[in-house]
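Lettering of chains follows the sequences in order, A, B, ..., and the numbering in each one begins at 1. Hydrogens, waters and symmetry mates are skipped; everything else that's a heavy atom, side chains included, is used. Values in this document were obtained by computation on a predicted structure and should not be read as measured data.
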Number of protein chains: 2
Amino acid sequence: MSAKTEARKAALRDKLVAAAERRIAEAGAGSLRARDLAQDAGCALGAIYNAFDDLNAIVMAVNGRTFSKLGQAVAASFDGSEEPVQRLVKMSHAYLHFASEHANLWRALFDLEMTADGPVPIWYLEALRGLFAHITEPLAEIFPELSRDDLQLMTRALFSSVHGIVLLGLENRISGVPADQIERMIDLVLSRIGNK
Amino acid sequence: MSAKTEARKAALRDKLVAAAERRIAEAGAGSLRARDLAQDAGCALGAIYNAFDDLNAIVMAVNGRTFSKLGQAVAASFDGSEEPVQRLVKMSHAYLHFASEHANLWRALFDLEMTADGPVPIWYLEALRGLFAHITEPLAEIFPELSRDDLQLMTRALFSSVHGIVLLGLENRISGVPADQIERMIDLVLSRIGNK
DNA sequence: TTGTATTCGTGAACGCGGTTCATCAGGTGA
DNA sequence: TCACCTGATGAACCGCGTTCACGAATACAA
């Protein structure tokens with residue numbers, strides 16, 4: 001495969017991912033249609049399957065971008081000068097706001113994992129590890145007495161807790177709650193965690 | 001519509017729900033097939049749509065049964081003599097074990113709400129309210145200083161936290177963790193919550 | 001440059017699955 | 001007994017992801 005062909009393929013990939021990102025953000029990953037994507041990208045239906053294995057792979061590519069933006073948003077939410085609990089609060093709020101502003105893209109991050117059967121891509125686990133690292137750091141300050149294993153467990157537990165609060169909070173058909181109330185829920189839990 | 005006809009319709013509904021429950025428990029709500037259900041229930045494909053509006057309605061019926069069983073499992077997990085924090089721990093463990101043992105049925109409870117667009121049925125919100133009531137009670141003992149509103153918020157926050165821990169914990173492609181580790185994560189968070 | 005071989009793009013066609021509908025059978029009332 | 005109606009039936013419809021045979025384009029050797 002020549003370099004020109006390769007470049008064209010890459011360009012098509014980009015167009016497809018960009019179109020998919022727009023459509024997912026707009027209507028959710030569940031209503032992504034191969035024919036719509038082909039039209040958006042100005043290519044034939046079959047060309048999609050030349051650039052990607054299947055639609056799933058495109059969603060995964062979008063997820064990669066989303067995860068990267070999410071990581072940036074969380075990392076930008078603190079400056080390192082805060083008290084550890086305060087830093088957890090800031091990160092959690094950043095997580096909430098990202099999820100709230102990019103609800104469909106954020107949901108696609110977790111929706112897909114449930115349905116797909118293949119192994120999780122490495123970059124996905126790496127991104128998760130990156131998020132976890134941000135959490136572990138302040139936790140280690142708050143709980144110097146915890147073992148290494150318990151610290152890892154606490155990290156996952158805290159991430160999962162905030163994730164759950166955001167997930168159900170944004171899901172207004174289950175327990176829908178205004179955004180500032182969700183923030184308050186996070187604060188309630190984190191402040192209890194921080195009080196020794 | 002005669003009484004006999006009505007009875008037949010009800011019988012078909014029961015057979016369909018039973019078959020759907022079996023198939024969802026086995027393979028998840030996502031791989032439920034109308035044609036399979038018709039075969040299981042010994043009826044024609046079209047008969048399904050006489051008994052139910054669509055497949056979604058059948059899944060909702062199954063969810064009703066699941067929710068009821070979940071409520072029983074949680075309610076049976078404590079006897080009222082425990083310290084409040086201990087009661088929260090017992091309920092959370094019951095929640096975890098139910099979710100773990102009936103993973104596909106439990107997931108269907110929340111999967112469907114994300115995709116469906118109609119309003120949530122009343123019984124669903126009632127069931128949720130019932131679960132919340134179990135949580136609010138010990139919380140009121142632990143935090144007598146909280147306002148009524150904050151107590152409600154804390155209730156939802158705690159439920160969501162445990163839900164999140166269970167959700168991501170069971171999702172081994174995201175952060176998969178053995179069941180006893182999940183239990184420990186719940187304990188870590190709840191014990192911190194309980195410590196004033 | 002020209003001819004050939006290989007690769008790529010194309011969109012019609014396939015298979016699957018939910019839902020509908022024309023048709024039929026079985027029950028109901030006169 | 002017969003006309004009527006209601007509920008069951010499954011073939012057909014439609015949308016959608018994915019494939020594939022074919023024709024165009026490109027790469028390469030002479």
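- Taking a cutoff of 4.0 Å between a charged side-chain nitrogen and a carboxylate oxygen, A:E101 and A:K69 do not qualify as a salt bridge.
- Across all non-hydrogen atoms, the minimal contact from A:L151 to A:A140 is CD2-CB, 3.8 Å.
- Here the shortest heavy-atom pairing between A:S92 and A:L190 reads OG-CD1, 3.5 Å.
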Below 3.5 Å, can you tabulate the donor-acceptor pairs from side chains in residues 182-189 of chain B to any protein atom, sequence neighbours excluded?
residue	atom	partner	partner atom	Å
B:E183	OE2	B:H97	NE2	2.9
B:R184	NE	A:D150	OD1	3.2
B:R184	NH2	A:D150	OD1	3.2
B:R184	NH2	A:D150	OD2	2.4
B:D187	OD1	B:H93	NE2	2.8

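- Within the structure, side chain to side chain donor-acceptor pair (under 3.5 Å) contacts touching residues 35-53 of chain B (residues at least two apart or in different chains) are B:R23-B:D40.
- Rounded to a whole Å, the CG atom of A:N50 is 10 Å from the C1' atom of C:dT7.
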Nucleotide N/O to protein N/O under 3.5 Å, stretch nucleotides 22-25 of chain D:
none

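- Within the structure, side chain to side chain donor-acceptor pair (under 3.5 Å) contacts touching residues 125-136 of chain B (residues at least two apart or in different chains) are B:T136-B:T155.
- In this structure, CD1 of B:I48 is placed 12 Å from C1' of D:dT9, rounded to the nearest angstrom.
- With sequence neighbours excluded, the residues forming a side-chain hydrogen bond (donor to acceptor under 3.5 Å, both in side chains) with A:S81 are A:D79, listed by chain and number.
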Q: Can you check each nucleotide of nucleotides 12-20 of chain D against protein heavy atoms at under 4.0 Å and return B for base, S for sugar-phosphate only, - for none, in 5' to 3' order?
A: B---BBBB-
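- One atom, CG of B:L37, and another, C1' of C:dC16, lie 16 Å apart when rounded to the nearest Å.
- Put simply, the side chain of A:L168 reaches to within 4.5 Å of the side chain of B:H163, judged on heavy atoms.
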